[in-house]
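What follows is a set of notes on a single structure, which appears directly below.
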Amino acid sequence: MVHALCKMLENRRERPAGVVSVVHMPHPDVSFERARLDFAQSCLDAMRDRTEALASNDDILAANEADAEAVRWQLQRRLASLDDDVAALCFGRIDEETGERWYVGRRHIEDAEGAPVVVDWRAGVATPFYRATLADPFGLERRRRFVFTARELTDVFEEDFNDPDSLAGSGGVPDPLLAELGRARTGQMRDIVATIQAEQDAIIRAPIETCLVVQGGPGTGKTAVGLHRAAFLLYEHRVRLAREGVLVVGPNPVFLRYISQVLPSLGETSAAQTTVDGLLSLRFRIAAVDPDPVAAIKGDARLATVIRNGAADAIRVPADGLTVRFRTRELTIDADDVRALVAEARRREAPFATQRERFRQMLVRRAYDRYTGGVAIELDENDFGGALLADAASRKAIDGCWRSVSPVTLVRSLLTQRALLARAADGALTPDEQAMLLRPRAAGDAWTAGDLPLLDEAESFVKGAPRRFGHVVVDEAQDLSPMQLRMLARRARRHSMTVLGDLAQATGPASPASWEDTLEHLGRPENAQPAELTMGYRLPGAFLALANRLLPVAAPGVAPSRSVRADGDPPDAHELEPDRLVPAIAEHALTLAKEFATVAVIATDGRVDELRRAIEDRGVVLAEPGEVSPERPLVVLPARLAKGLEFDAVIVAEPAEIAAEAPHGARLLFVALTRAVQHLALAHAEALPEELALPGVLGRAEVVGDSDA
C-alpha cells in the first residue's frame, strides 16, 4: 500500500510539457453508495428515536426507584453516544470472498430488525479493512474507501485484490489518506479512524495484557495510534475497563488541549487524560523550578533507594532494649529480640506503615508473653495491648523504636536536612549530588515538578500503591525520568500499558538512553513487547529528509523514518541581517497566515517574547500554544513546547540558537523542523548548523536585508 501511495504522489508532480492531463471521472457506484449512507443515517436516527422514547418513559420496569434511575442514566448515556455529528458515519466497505459485505464506520448502526448496517471500526470483522494487502488480502475480494468533500460522498477508491493494478491508483482516484494529508490543520488533532494504516492497526489492536513500547519517528502517527488504542480497548474490554478505567498521560497541558477532541470524536469520554504532574498537582502546588542538573538527580532511580532508606531511618532500636510498663510491673525486651521483631515485620512485602503496625502487634504479644510467663490467665491479650499502649511512657518507648512516617514530611526532610539525607543517601548519591539536592528549610514546601515523583514514591512505599487503571497510555514517553516511569507503572494493573515516543526527540533532563532502560524503570514487565512505526504520513518527504540529517548528532542509534509524501516544495532558507531578523520573521508570519490555516513560529525560550511583541505590535492577536484555530491561526512558541503539535506552516527562527541550547539542542531543532505539514521556512542571521548547510538540502537560500523575508 505504501508503494502505491508513493507512486500516486509521484504522479501528482508536474508533468513534462506536452503531456495532457486526463480528467478523472468519479466511480460509477458513487450514487449507489450515497444511497447506502443515507440509509445508514436514517437507521441511526431511528436508533436515537427509540432510545429517546425509552429514556423519557416514566414507567420503566425496575425493582425500585433507584434501579429505575440507574436504567434512565444508562439510556441517557446511550442517547448521548448516538448524537453523532461527524462528516462520515461510514468511510469504507469490504467484500469478503465468501460473499459477505460489511460497511465500516465510527460506530455500530443497525436496522429495525437488528441487522448490522455499519460495523464499528473496532469490531473484529473490520480488521481486514485496515490490514488487507495484495500479499495477504485477509479473505477480501474487494475494499472500497470513501472520499468526502465536506459531508458529501464524492468518490470511491476501489481495490480489487484479484487485480493487482487496482492497488496502484485505480485510474487516478485520490486515496482518502492523501486527501487527509493535504487537509489544512484546525489547531486540534483529529482522529485517523478512516485512514489507519496496517502497521498502526497492529499496535492499536494488540492484546490488553501487553506492555507495548512503541518507537515512532515524526509524523508516524504515534499519538493518534495511542489514542485509538485507548478507544479500541474501551470497546473490546468495556465491562472490565468501565470498572478499572483507562488513563492517558501527555507531556504538558498544551498537548492535552491539542488532543482533547480525539477520544470524544470516537465516542469515548470515560478515559482520564492528564500529565504526569497532573496526577498530584491538585494536592501539591508547583511553586519552584529545578535547574536541569538538580532535576536530573531527582529523576534518577537511585532516589527510590534514598526514600526507602529515609523511611527506615525512623527505626531506632535502643542498645539496652525496650522497657514497657503494665500496671506496676516493668517488662524488658532485649535489643536483639526487638531487632528480630523488626526484621520479621519487614520480611513480608507490605507498605511501610503496615509493617510498622505488624511490629507493634508482635511487640505487644512478646510483652504479653513476658507478663504471663506462658501461663494462661484471665487477662485477654487485646485488653493487655490496649492498656499497654494507653500508658504514655510505654507508648513513647514503643513508638521510639519505630516512629510513624508521613510521606510528605519524609520528602521535605530529605530535601532540607543534611544529616538525614547523608544517612539515607549513603552509598547511593555522591556528596556533591547530595549538596545539589538540599534547599533551605524555609523553602521545604516550595515543591517542584521533580519533587512530585518523590512524593508519590514515598506515599506508595509508606501507605501502599495508588489507584490502578486497567490500561495506561503514555505519550512522549522518551522525556520521562526513571522516577516518573516508576510513578506511572504503579498505576497500571498487570503492567497493561502503551508507551509511545521517539528517542530522537528526548530532551528531558533524566531521559533514559534506550527503551530497554525505560522498561527497566517500568519494572521489567514480563509482558513487554517492542513495536515500531517506521512510515511517516504527516511530513512531506523533503521536510523529514532535512530533519533526519540531524539524527547522527541528535540520536545516533535511531533509524530515520520514511515519508509517503513526495509532494510539496522543499524547505525555504531565509538569511537575514541581524537587525532585520525579528521584523522579517513577523512580516513573513503574517503573510503565511493569509495562506495557511495554522502557522507557528518556533524559537528558543530567550527569543520567544521578542518575536511575540513584534507580531502583536502589528495588530495581531496571537493564539496560545495548543489553542491555534482558523480564527487565531498564528502562534509563537518555544521548541520545547512544540513537541507533538503540528501546523500547516512553520518558521524556525535562528536554527543555530536552538541547536546550541544545552543539553539537547540538536533534538530540540529536530522537533522544530518536524512540525510543519505544508510549508517550512528557516530564518537565520547566524550560519545554519553544518548538518543543514549542505548543497541541495534547502529549496532556496536568499539573503534578505531591508526587503521582506
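This chain uses plain numbering: 1 for the first residue, then up along the sequence. Just so you know, these numbers come straight off a predicted model, no measurement behind them.
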Judged by atom type as modelled, is there a donor-acceptor pair below 3.5 Å linking the side chain of [X] to the main-chain atoms of [Y]?
X      : Y      : answer
His237 : Leu233 : no
Arg538 : Thr674 : yes
Thr154 : Val147 : yes
Ser496 : Gly470 : yes
Arg36  : Phe32  : no
Lys222 : Gly501 : no
Lys643 : Gln505 : yes
Thr149 : Glu152 : no
Thr598 : Asp648 : yes
Gln200 : Thr220 : yes

- request: Might you work through the side chain to side chain donor-acceptor pair (under 3.5 Å) test for Thr98 and Glu100, ending with a clear yes or no?
  value: CA-CA 6 Å; Thr98 59; Glu100 291 278 8; 5.6 Å; no
query: Do Val677 and Phe647 have side-chain heavy atoms sitting under 4.5 Å apart?
result: no
message: Is the shortest side-chain heavy-atom distance between Leu140 and Glu97 below 4.5 Å?
response: no
Any salt bridge linking [X] with [Y]? Criterion: basic side-chain nitrogen under 4.0 Å from a carboxylate oxygen.
X      : Y      : value
Arg143 : Glu159 : yes
Glu199 : Arg131 : no
Glu158 : Arg142 : yes
Arg101 : Glu141 : no
Asp38  : Arg34  : no

message: Evaluate His108 against Val118 for side chain to side chain contact (heavy atoms under 4.5 Å, CB included), listing each step before the verdict.
response: CA-CA 5 Å; His108 173 82; Val118 177; over 6 Å; no
query: Going through the checks in order, is the side chain to side chain contact (heavy atoms under 4.5 Å, CB included) test met by Asn548 and Phe670?
result: CA-CA 8 Å; Asn548 282 343; Phe670 182 82; 4.0 Å; yes
message: Taking the six-membered ring of Phe129 as reference, does the cationic atom of Arg93 (NZ for Lys, CZ for Arg) lie under 6.0 Å from its centre and within 45° of its axis?
response: no
message: Taking the cut-offs as 6.0 angstrom to the six-membered ring centre and 45 degrees off its axis, would you call Arg467 and Phe469 a cation-pi pair?
response: yes
- prompt: If you draw a 6.0 Å radius around CG in Asp569, do more than 12 non-hydrogen atoms from other residues or ligands fall strictly inside?
  reply: no
query: Would you call the rings of Phe255 and Tyr258 parallel, tilted or perpendicular, where under 30° means parallel and over 60° means perpendicular?
result: tilted
message: Which label fits Tyr130 and Trp121: parallel for a plane angle under 30°, tilted from 30 to 60°, or perpendicular past 60°?
response: perpendicular
Stepwise side chain to side chain contact (heavy atoms under 4.5 Å, CB included) test for Thr274 and Val248: CA-CA 6 Å; Thr274 187; Val248 177; over 6 Å; no
- prompt: Given Trp515 and Gln478, is the side chain to side chain donor-acceptor pair (under 3.5 Å) satisfied, shown in steps?
  reply: CA-CA 8 Å; Trp515 292 121; Gln478 76 280 345; over 6 Å; no
task: Check the pair Leu544 / Ser561 against side chain to side chain contact (heavy atoms under 4.5 Å, CB included), numbers first and verdict last.
output: CA-CA 8 Å; Leu544 187 57; Ser561 53; 3.7 Å; yes
query: Going through the distances and angles, do Tyr103 and Glu33 end up as a side chain to side chain donor-acceptor pair (under 3.5 Å)?
result: CA-CA 10 Å; Tyr103 285 82; Glu33 299 295 12; 2.7 Å; yes
- line: Per salt bridge (Lys or Arg N to Asp or Glu O under 4.0 Å), Glu244 is matched among Arg494, Arg468, Arg491, Arg238 by Arg494
task: Starting from the C-alpha separation in whole Å, work towards a yes-or-no answer on side chain to side chain donor-acceptor pair (under 3.5 Å) for Asn527 and Glu209.
output: CA-CA 7 Å; Asn527 59 344; Glu209 293 81 10; over 6 Å; no
